[in-house]
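Keep in mind it's a predicted model, so treat the numbers as computed, not measured. FYI, side chains are in, hydrogens and waters are out, and symmetry mates aren't considered; it's all heavy atoms of this structure.
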Amino acid sequence: MTSAIEGAAAGSNSYTDDFETVRVAESDWLARRRRAANLPPPDDDLVGVAFSGGGIRSAVFNLGVLQALEAGGVIHHVDYLSSVSGGGYIASCYTWLKTQLKTQPPGAGVFAAELAGSAGRVLDWLRGHGKYLVSHRGFSLWTLVASILAAMFINVLVLGPLLLAAVYALTLDWLPVTWPQWLVLPGTCVPQGHHGYWLLLALGGLCLAVLPFAAIVFAFVAGIPHLADVRRVDAWRVAMGRLIAFGPALIALGLIPIAASLGEMAEHMLTTRHAHAIGKHASYLVPLLSGIASMLLDKYTKAQGRGRLATVGLSLLVYGLLILCYHVVADADLPRSVPFLGFVALSVLLAFVCDINRVSIHAYYRARLSDAFLPNVQHTMAVDPGEFALNELDPDDGGPLQLINTTLNTTSSRNESLHSREGASFFFSPEYAGSSATGFRRIDSYASGAVALSNALTISGAAIDPDMFVTSGRPMSFLMALFNIRLGCWAHNPRCADERDPLRPWWWVFITREMLGIGLDETRRHVHLSDGGGFENLGIYELVRRRVRYLIVTDAGADPQTTLSDLGRAIERVRVDFGAQIDLAADRLFHQRDQVLAQRPYVLGGIRYADGSEGRVLYIRPVLCAGLTADIYAYWRAHPAFPDEPTSEQFFAEPQFEAYRALGQQIVAGLLVTAPPTTVGEWFERLQETGAGA
């Protein structure tokens, strides 16, 4: 399949696997931007701003940062605006406003612009939509819950009839064999038919029976010198491991009819008239409840769904569900009914016709982000803000080139580096979309030029998704996919994004890949994209790839213990992938972590690129420091976790919104206390003289 995709991509002029082609296209874009902004053309002096992930907290803090950069004249010099997750909310808002406000007076801040219909200012709108998931007219927490439940129901409707039909097929009589009497529980009868289960049982026994013979062959292969090739020996080890894994699993599945007869055994052994019902329900409730308890215990031990208890719990949970499905099929004779056949037909129709991205909570998330952060500022709108395409961003508007960073899921990649990282950087921009792992496609031909700004920023903020770095435990990912709890998006691989999809039940394909962790790599026709923080949460990776000279980065992720984990991860990845070394005095940040109101919220450092060139980096954190206004101090006293309240808090009321916005604005304004600099280089020199890098 990979070769076919590569062959198709080779014939397309809009596709490239060479990042230098992307760099040239972006250089032309930036030259036009600078010309529109009355600046000299780029000459080894590119300026990049990076907004980190952190949900609404990062968005609001960086709103204040943008306001200060506007007031200080710095944003005028910014070439790249790179963002991840929550930082992308406000970065996309700024890009949208810059595009729409073509007649904005020089020096006027875009967030002070009037909304269409004289409904106040943009800042008023953003402040009123701090609870962006439920803050729109007619929406409430119940709307969100209903949307989640609807997505879960549709997913169960697509998968459920298929599962019941498969269980029914296993109960049919189609082999000239009988079940052995010694397997039957006391007081029960030998299963009639059920040859699918019989075959599973036989295959499981065969796996275990073959194991001793495989071990003997392995001994010869490993012991005879001319046969003892390392790969051949490893292949036999893998094969024996699979025999041990598949054997008991197949036997357990084959024994489901026996386990389901627990009701008859209970009726035989107990005198109560409810014995049969007790045994019948216990056959599936015991493994179900045991599985749930095991998974909860795993969470209690802080394994977060990655421990052995969670794996055992998931196995019991699935086994209980399969026994329940067996009871439904065998006792109610459901598959022979007309309604069930209708449900099967509906399941097939949904799997072939419906778009899983639009039905899942991803679509709800996108609509809410679009409404909250892409406000209408024109009285006559030619396009819905939520449908505004990335290729419509115009360098002649003078705004920076936006990079929206997401994570390409590579959980099952054959590339060892991509597999171990479980993800790769995948960016969207007005010029190209793609990753080093997939190659890059021009944005006007990717998805037929229909990649919306709102869609890209939603994918970048898809923090709740199966098979991510934080949910990579198979039990957790399985359950999230099963119940359609996902914000991520299935997208076309840039290599074949100009081809039409064949008619397939893509819903079944995608959900199966997510549940089992298969087909999640860079070679498939469709790739899975999710929160950019799964790969690098600061947004500096793609800026370092472009060798910007001046980098301003805000780290607004929750970090109450000053672990600097996001910064450390970013530094490690750009060093490994690009040979770039970022030097920042992190020790000072650590020592100041308990010095409330005495911290310096920024550090000035350097970047050494692999080609010998150098750059400067200004690293800013949302911390309490001297010189802040009383309202920020008052909010902190009432909410001691500020400004590191958990990222799970996504419902900002006005006081919380204003505290974070004012903090970002006042921190950056404190770095611009003198006259606006003529260049970013001049500003960095001033900061160096004041000891920001100390």
Exactly one candidate in Leu408, Asp465, Thr411 meets side chain to side chain contact (heavy atoms under 4.5 Å, CB included) with His528; the answer is Asp465
Sole residue of Ile459, Thr410, Thr438 in side chain to side chain contact (heavy atoms under 4.5 Å, CB included) with Phe426: Thr438
Tell me, please, which residues at least two apart from Thr407 pass side chain to side chain contact (heavy atoms under 4.5 Å, CB included). Ser530, Phe535
Salt-bridge contact Glu658-Arg661 (side-chain N to carboxylate O under 4.0 Å): yes
Between Leu543 and Ala50, what is the shortest heavy-atom contact and its length? CD1-CB, 3.9 Å
Angle class for the Tyr94/Phe111 ring planes (parallel below 30°, perpendicular above 60°, tilted otherwise)? tilted
Assess the pair Tyr89 and Phe51: is the distance between their ring centroids shorter than 6.0 Å? no
If we ignore hydrogens and angles and just use 3.5 Å, is the side chain of Arg57 paired with the main-chain N or O of Ala556 as donor and acceptor? yes
Leu529 side chain near Asn409 side chain, heavy-atom distance below 4.5 Å: no
Ser565 versus Asp559, closest heavy-atom pair with distance: N-OD2, 4.4 Å
Measure across Glu649 and Ile56 and return the closest heavy-atom pair with its distance rounded to 0.1 Å. O-CG2, 3.6 Å
Taking only residues at least two apart or on different chains, which pairs with a member in residues 76-94 satisfy salt bridge (Lys or Arg N to Asp or Glu O under 4.0 Å)? Arg33-Asp79, Arg34-Asp79
Val122 and Leu97: side chain to side chain contact (heavy atoms under 4.5 Å, CB included), yes or no, with the steps? CA-CA 9 Å; Val122 170; Leu97 295 172; 3.7 Å; yes
So, does Thr99 use its side chain to make a donor-acceptor pair with the main chain of Thr95 at under 3.5 Å? yes
Side chains of Leu418 and Asp521 in contact at under 4.5 Å (non-hydrogen atoms): no
Taking C-beta and beyond as the side chain, do Trp508 and Leu159 meet within less than 4.5 Å on heavy atoms? yes
Mind listing the closest non-hydrogen atom pair of Arg546 and Val22 along with its distance? NH2-CG1, 4.4 Å
Salt-bridge criterion met for Asp566 and Arg569 (N-O under 4.0 Å): no
Would you mind checking if Arg127 and Glu654 are paired as a salt bridge, meaning a charged N to carboxylate O distance below 4.0 Å? no
Are the side chain of Asp555 and the backbone N or O of Leu538 linked by a donor-acceptor pair below 3.5 Å? no
Under 6.0 Å between the ring centres of Phe427 and Tyr432? no
